[in-house]
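For reference, the structure I am asking about is given below.
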Amino acid sequence: NRFRRNNNKYMKRKKLINVEFYDKIIKVNKMVNILLCGNEKVFDGALTQLISMTNRTQETIRCYIFTMNLTRMKPEYKSISDSQVKFLEKVIKEKNSDNEVIKVDVTDLYEKEFKNCANEGAYCTPYTLLRLLADKIPNIPDKLLYLDIDIMIGGDIKQLYNIDIEDYEYAAVKEKYGCWVIRPDYINAGMLLLNMKKIKETGLLVKARKLIKEKKMLFADQDAIFWSTTKKKLLPRIYNEQSRFNKKDTIICHFAKRLMFWPYPHTENFKQWNLPEVHTVLKCHAFDKDLEEYVKLKKQYEENRNEEVIYG
């Protein structure tokens, strides 16, 4: 009887350990790994994007933010601050306690790879080049969803993240203009579902970095990725909608620069945090609830920051 009691305790304990073990496996499998890049000025974009993402999914979000200090080029090129990252994490943990935001400072790595290279003064900022360093970051996940900062999430992010890309380096959507004037399969790199395991095998990012260092390109990082690709998967427009902002089936809504012809040729470049223009010019109301939450949280962040300055 004593043996039976001890054995029952052991089996119960073993069963508990197995349940905990499988729970951990399930959590890892359900993890959505996101990559954002930028400096302290991307805070509004990161906040709006993560609000829209976590408002529409039950999946656990792990968000990596690649950043660097590049004040040698411009005084405003400062890394995203620890307080900004801490606040972003606080916001998304309120939706799911397992969510997290991880700051990755790649300053030294960037300087080693790209300092004074042909494309350092790229069409946007040098921060667009940071994703090209992903294969050099220790313990980076095998699957990673890169998103530009001017993106809002219109549906459950797992619909995109769970797409099978095992045989591809990445999945992307065609560029709205580039597919007409550059090549029919030219991509917009604002959304890239990356198969890091395959990328390391083919050397895609190694080749892309070589191009960046040696050849001046119009769309620097985007061109480098496209011309270094071995095999990609093209996805429907709903996974990177670049011009229509009220479509109900959109998963990734990209507030990219638009070329306009009326009343004269010009460009429009309104981002999701430019609230008046989002409503009046873009006629977009798909993210009103998210943006209301953003306004409240941004105010809260600024009040907290002011208190820290006053009271030290």
Worksheet item: Just wondering, more than 12 heavy atoms not from Asp108 lying within 6.0 Å of its CG?
Response: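 Result for CG/Asp108: open.
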
Worksheet entry | Shortest non-hydrogen contact between Lys103 and Thr67, atoms and distance |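 In this case the closest contact between Lys103 and Thr67 is CE-CG2, 3.8 Å.
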
Worksheet entry | Results of side-chain hydrogen bond (donor to acceptor under 3.5 Å, both in side chains) for Lys216 - residues two or more places apart only |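 Partners of Lys216 by the side-chain hydrogen bond (donor to acceptor under 3.5 Å, both in side chains) criterion come out as none, since no residue qualifies.
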
Worksheet item: Among side-chain atoms of Asn195 and Asp142, is any donor-acceptor pair under 3.5 angstrom?
Response: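 Not at all, the side chains of Asn195 and Asp142 share no donor-acceptor pair under 3.5 Å.
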
Practice prompt. Kindly say whether Thr229 contributes a backbone atom to a donor-acceptor pair with the side chain of Lys232 at under 3.5 angstrom?
Written response: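 No; zero donor-acceptor contacts below 3.5 Å.
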
Worksheet item: Going by distance alone, is a donor N or O of one side chain under 3.5 Å from an acceptor N or O of the other, for Ser81 and Glu40?
Response: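 There is no such pair (donor and acceptor under 3.5 Å, judged by atom type) between the side chains of Ser81 and Glu40.
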
Worksheet entry | No-hydrogen, no-angle side-chain donor-acceptor test under 3.5 Å, Asp156 and Tyr161 |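 There is no such pair (donor and acceptor under 3.5 Å, judged by atom type) between the side chains of Asp156 and Tyr161.
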
Discussion item. Can you confirm whether the side chains of His254 and Asp150 place a donor and an acceptor under 3.5 Å from each other?
Written reply: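 Asp150 and His254 do have a side-chain donor-acceptor pair below 3.5 Å.
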
Discussion item. Does Leu109 form a side chain to side chain contact (heavy atoms under 4.5 Å, CB included) with Ile137? I'd like the steps, not just the answer.
Written reply: CA-CA 9 Å; Leu109 191 53; Ile137 305 302; 4.0 Å; yes

Discussion item. Are more than 12 heavy atoms, taken from residues, nucleotides or ligands other than Lys158, located less than 6.0 Å from that residue's NZ atom?
Written reply: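 Count not over threshold, so no.
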
Worksheet entry | Plane angle bin for Phe245 and Phe255 - parallel if under 30°, tilted between 30 and 60°, otherwise perpendicular |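 Aromatic pair Phe255/Phe245 classed parallel.
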
Fill in: Short side-chain to backbone donor-acceptor contact, Gln222 and Ala189, under 3.5 Å
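Between the backbone of Ala189 and the side chain of Gln222 there is a qualifying donor-acceptor contact (under 3.5 Å).
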
Practice prompt. State whether Tyr170 and Lys233 meet the cation-pi test: NZ (Lys) or CZ (Arg) under 6.0 Å from the six-membered ring centroid, and within 45° of the perpendicular axis.
Written response: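 Judged by the rule (NZ or CZ under 6.0 Å from the ring centre, within 45° of its axis), Lys233 is not positioned above Tyr170.
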
Worksheet item: How about Asn55 and Glu293: does a side-chain donor come under 3.5 Å of a side-chain acceptor?
Response: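 Yes, a side-chain donor-acceptor pair sits under 3.5 Å.
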
Item to complete: Verify, without hydrogens or angle tests, whether Arg62 (side chain) and Val101 (backbone) share a donor-acceptor contact under 3.5 angstrom.
Response: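 Absent.
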
Worksheet item: Is the closest basic N to carboxylate O distance between Lys289 and Glu292 below 4.0 Å?
Response: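 Not counted as a salt bridge, because no side-chain N and carboxylate O are separated by less than 4.0 Å.
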
Worksheet item: Just checking, is any N or O donor in the side chain of Asn188 or Lys174 under 3.5 Å from an acceptor N or O on the other one?
Response: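 The criterion, which ignores hydrogens and geometry beyond distance, is not satisfied for Lys174 and Asn188.
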
Item to complete: Would you please classify the geometry between the His279 ring and the His285 ring as parallel, tilted or perpendicular, with 30° and 60° separating the classes?
Response: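 Geometry flag for His279 against His285: parallel rings.
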
